[in-house]
Amino acid sequence: MADYFLSLPASLILWGKKAVFGTFFASAIICLGMSSMFHTPKVFYFMFVRVLGAASATVSMGDKFREPPLRCVRAGVFAGFSGVIPAVYYLIVFSKLSNMPLLDGCV
């Protein structure tokens, strides 16, 4: 849409109007680009947690991992994938911020 509008001949739209609308289109593109860059890590984190949770459920409920030699593996995968790895990731990411929501009221 921006390309179409900005490519119209000067006889139809004056350069001042093109400059105003060009600024609007550029700012909209930049705003949406920055927004997608901000939300992408959140989406990655939630997908990461879901994949680990699915792997944990698969290993925990699989018949092969119910055998006595593999019970430690099953317990380790369940504990690590469902809680420890996401918690460590959260602490690493948010420990750089001055306001850590995880530790509010604890310190």
Side-chain angles (χ1 to χ4, degrees):
M1 186 169 160
D3 290 339
Y4 171 75
F5 183 80
L6 295 174
S7 66
L8 290 175
S11 62
L12 291 176
I13 298 183
L14 299 175
W15 70 269
K17 288 185 179 181
K18 283 186 179 183
V20 170
F21 281 102
T23 303
F24 169 75
F25 289 132
S27 62
I29 291 169
I30 290 170
C31 179
L32 291 173
M34 294 295 181
S35 177
S36 68
M37 287 175 59
F38 173 76
H39 291 290
T40 299
K42 288 184 177 183
V43 171
F44 174 76
Y45 172 73
F46 288 123
M47 291 304 295
F48 181 69
V49 169
R50 287 181 181 172
V51 167
L52 292 180
S56 175
T58 302
V59 169
S60 296
M61 295 170 45
D63 291 334
K64 183 176 182 177
F65 289 98
R66 292 183 184 180
E67 298 171 2
L70 297 176
R71 284 186 184 161
C72 292
V73 173
R74 185 176 76 177
V77 167
F78 179 76
F81 283 180
S82 66
V84 175
I85 292 175
V88 169
Y89 174 79
Y90 185 84
L91 286 174
I92 290 170
V93 168
F94 290 106
S95 66
K96 296 177 183 174
L97 301 175
S98 60
N99 186 6
M100 283 183 26
L102 181 67
L103 300 178
D104 279 15
C106 297
V107 180

#### Entry: Distance, nearest 0.5 Å, that separates CE of Met34 from CD1 of Ile29
12.5 Å

### Task
Give the cluster check for Leu14 versus Val20: same hydrophobic cluster or not, with ILVMFWY residues linked at side-chain heavy-atom distances below 4.5 Å.
no

### Query
Can you name the salt bridge (charged side-chain N to carboxylate O under 4.0 Å, His left out) partners of Arg66, sequence neighbours left out?
Asp63

### Query
When you measure from the side chain of Ser35 to the backbone N and O of Cys31, does any donor-acceptor pair fall under 3.5 Å?
no

### Query
Rounded to the nearest 0.5 Å, what separation is found between the CZ atom of Phe25 and the CD1 atom of Ile30?
14.0 Å

### Query
If you measure from CZ on Arg74 to NZ on Lys64, what distance do you get to the nearest 0.5 Å?
14.0 Å

### Query
Counting distance only, does the side-chain N/O of Lys18 pair as donor-acceptor with the main-chain N or O of Leu8 below 3.5 Å?
yes

